[in-house]
Amino acid sequence: MNKLKFKNGDTMDAIGLGTWKSEPGEVTEAVKIALNNGYKHIDCAATYGNEAEVGEAFSEVFSKGEVKREDIWITSKLWNNAHKKEDVIPALKQTLKDLQLDYLDLYLIHWPVAFKPEVSFPEKAEDYLSLEEVPLIETWNEMVKAKEQGLVKHIGVSNFSIPTLESLMKETDHTPEMNQVELHPYLQQNKLLEFCSRNKINVTAYSPLGSGDRPDAMKAADEPSLLENPVIKKIAKKHGASAGQILIKWSEQRGTAVIPKSTNEERIKQNLMSAGYQLDEDDMKEIADLDYHFRYVNGKFFEVEGNSYENIYDD
Ligand code: A2P
């Protein structure tokens with residue numbers, strides 16, 4: 001499997017287990033299955049509402065001793081209601097407590113969007129804080145402190161566009177080490193990938209399978225299916241793989257990390273095995289042609305009349 005490299009020499013397995021939308025009652029088992037079957041990368045976030053249950057799996061597996069904490073890459077993310085400087089490290093410490101860990105491998109600012117501290121999910125414009133009130137550099141400087149304190153080994157961002165990355169990078173000597181974004185054949189993000197590569201920012205692909213298990217409120221009525229795409233299905237048949245495996249392999253082969261979510265034992269195992277396939281030039285060309293800048297997670301849910309957030313992806 002491809003490994004992503006960081007400036008200090010650390011490496012991260014390209015294929016990780018995603019935990020967004022994994023039910024608290026299922027995620028402990030899913031993470032245990034993953035760790036016991038060779039996954040070395042688990043992606044978490046405070047807002048997924050299941051870090052305590054993920055932490056139970058870490059505690060149980062690591063205490064048995066067969067899988068060592070230091071061999072696993074664990075990512076989590078700062079939620080939007082903890083962007084103020086006094087809230088960043090406490091939020092991180094809560095995540096560490098829930099995950100039953102001493103440190104994270106990677107901590108990300110989840111979105112370039114801030115909420116008031118008491119708001120988990122905003123309902124009205126007043127629930128938001130503008131980026132003038134809480135500039136991203138204020139949040140980022142705390143992320144840097146968390147790294148200096150040894151609470152996290154690497155720091156990065158998620159859902160950042162090129163202009164948002166550029167404006168942050170102008171204000172700091174600490175370039176984000178990762179940008180985690182939606183990335184799949186319908187949203188190939190070539191310009192963003194090129195920008196990140198030029199600036200030595202690693203990229204992780206989320207929603208690689210189209211996140212069909214999102215809540216209905218987040219779905220468009222006539223969403224296209226990635227797993228049912230005829231080109232993907234044809235390539236899958238050619239390689240004797242599943243459509244999901246082709247989508248995962250495509251991301252891995254492009255040099256990004258990729259975090260398919262599953263709570264199903266067979267699919268958790270199958271997704272890791274994607275690394276064993278090899279897409280040829282024709283496959284890559286055919287998949288390249290599927291790009292049409294379609295987002296499943298369109299970010300419009302942060303655009304409320306009267307708040308300061310508009311077109312957060314700068315599309
Ligand atoms: P399940 O958890 O039952 O396996 P994404 O990673 O893009 O968010 O997509 C997650 C969705 O894809 C979930 O509904 C998950 O269901 C499903 N899924 C995960 N792996 C596969 C696979 N190999 N083939 C088909 N569907 C999959």
Side-chain angles (χ1 to χ4, degrees), residues 1 13-35 37-39 41-45 47-50 53-54 57 75-77 108 110-111 158-159 180-189 203-220 223-254 256-277 279 287 290-291 294-299 301:
M1 182 191 312
D13 265 19
I15 301 177
L17 179 75
T19 60
W20 176 37
K21 309 175 262 69
S22 297
E23 295 296 333
E26 295 180 337
V27 77
T28 308
E29 193 55 29
V31 173
K32 283 199 291 191
I33 291 167
L35 293 175
N37 284 279
Y39 276 78
H41 169 186
I42 310 287
D43 184 85
C44 316
T47 193
Y48 300 163
N50 58 14
E53 290 78 8
V54 173
T75 299
S76 184
K77 312 183 192 88
L108 307 176
H110 206 146
W111 290 90
S158 180
N159 296 299
Q180 181 178 128
V181 294
E182 179 177 343
L183 204 55
H184 46 68
Y186 295 153
L187 183 72
Q188 302 192 12
Q189 308 246 43
V203 174
T204 298
Y206 77 65
S207 296
L209 308 174
S211 284
D213 54 346
R214 278 167 304 138
D216 285 343
M218 281 182 76
K219 287 187 182 170
E223 259 183 24
S225 164
L226 274 169
L227 289 162
E228 292 299 323
N229 179 281
V231 172
I232 301 295
K233 281 170 80 174
K234 187 188 82 179
I235 296 172
K237 195 163 173 215
K238 170 174 147 188
H239 291 279
S242 72
Q245 288 178 312
I246 297 303
L247 293 166
I248 294 163
K249 180 66 200 180
W250 176 81
S251 275
E252 185 248 20
Q253 203 165 310
R254 285 174 105 207
T256 69
V258 53
I259 45 168
K261 170 267 173 186
S262 183
T263 45
N264 170 279
E265 177 160 7
E266 193 272 323
R267 287 190 287 276
I268 292 171
K269 292 179 185 168
Q270 174 196 133
N271 291 347
L272 189 67
M273 308 274 280
S274 310
Y277 297 94
L279 300 175
I287 299 177
L290 298 179
D291 193 13
F294 174 81
R295 290 185 187 277
Y296 289 101
V297 182
N298 70 20
F301 40 81

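By convention here, the first residue in the shown sequence is residue 1. Fair warning: this is a prediction, and the values are worked out from it, not measured in the lab. Order of appearance sets the numbers: ligands from 1, and atoms from 1 within every ligand.
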Do [X] and [Y] come within less than 4.5 Å of each other through their side chains, counting heavy atoms only?
{"X": "Glu252", "Y": "Ser274", "answer": "no"}
{"X": "Val31", "Y": "Glu53", "answer": "no"}
{"X": "Met218", "Y": "Val297", "answer": "yes"}
{"X": "Leu226", "Y": "Tyr296", "answer": "yes"}
{"X": "Ile287", "Y": "Ile246", "answer": "yes"}
{"X": "Lys249", "Y": "His239", "answer": "no"}

For [X], counting its heavy atoms only, list the atoms of ligand 1 lying under 4.0 Å from any of them.
{"X": "Ser207", "value": "7 (O)"}
{"X": "Pro260", "value": "6 (O)"}
{"X": "Leu209", "value": "7 (O), 9 (O), 12 (O), 18 (N), 19 (C), 20 (N), 21 (C), 27 (C)"}
{"X": "Ser262", "value": "1 (P), 2 (O), 4 (O), 19 (C)"}
{"X": "Asn264", "value": "4 (O)"}

Exercise. Any idea which heavy atoms bring Pro224 and Phe294 closest together, and the distance?
Worked result: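 The answer is CD-CZ, 3.5 Å.
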Is ligand 1 under 4.0 Å from a heavy atom in the side chain of [X], in the backbone, in both, or in neither?
{"X": "Ser22", "value": "neither"}
{"X": "Lys21", "value": "side chain"}
{"X": "Leu227", "value": "side chain"}

- Message: Walk me through whether Lys261 and Asp43 qualify under salt bridge (Lys or Arg N to Asp or Glu O under 4.0 Å).
- Response: CA-CA 9 Å; Lys261 170 267 173 186; Asp43 184 85; over 6 Å; no
Which residue and heavy atom of the protein sit nearest [atom], plus the separation:
{"atom": "atom 20 (N) of ligand 1", "result": "Asn271 ND2, 3.0 Å"}
{"atom": "atom 5 (P) of ligand 1", "result": "Ser211 OG, 3.5 Å"}
{"atom": "atom 17 (C) of ligand 1", "result": "Lys261 O, 4.2 Å"}
{"atom": "atom 11 (C) of ligand 1", "result": "Asp213 OD1, 3.7 Å"}
{"atom": "atom 21 (C) of ligand 1", "result": "Arg267 CD, 3.3 Å"}

- How are the rings of Trp20 and Tyr206 set to each other: parallel, tilted or perpendicular (split at 30° and 60°)?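 Trp20 and Tyr206: perpendicular rings.
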*So is Gln245 close enough to ligand 1, meaning a heavy atom under 4.0 angstrom away?*
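So Gln245 does not count as touching ligand 1.
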- Work out whether the distance between some heavy atom of Gly210 and some atom of ligand 1 is less than 4.0 Å.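 Gly210 counts as a contact of ligand 1 under the 4.0 Å cut-off.
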(request) Please determine if Ser242 has a nitrogen or oxygen closer than 3.5 Å to a nitrogen or oxygen of ligand 1. (result)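 There is no such contact.
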Check: When you check the side-chain N and O atoms of Asn271 and Tyr39, is any donor under 3.5 Å from an acceptor?
Finding: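 Asn271 vs Tyr39: no donor-acceptor pair found between side chains.
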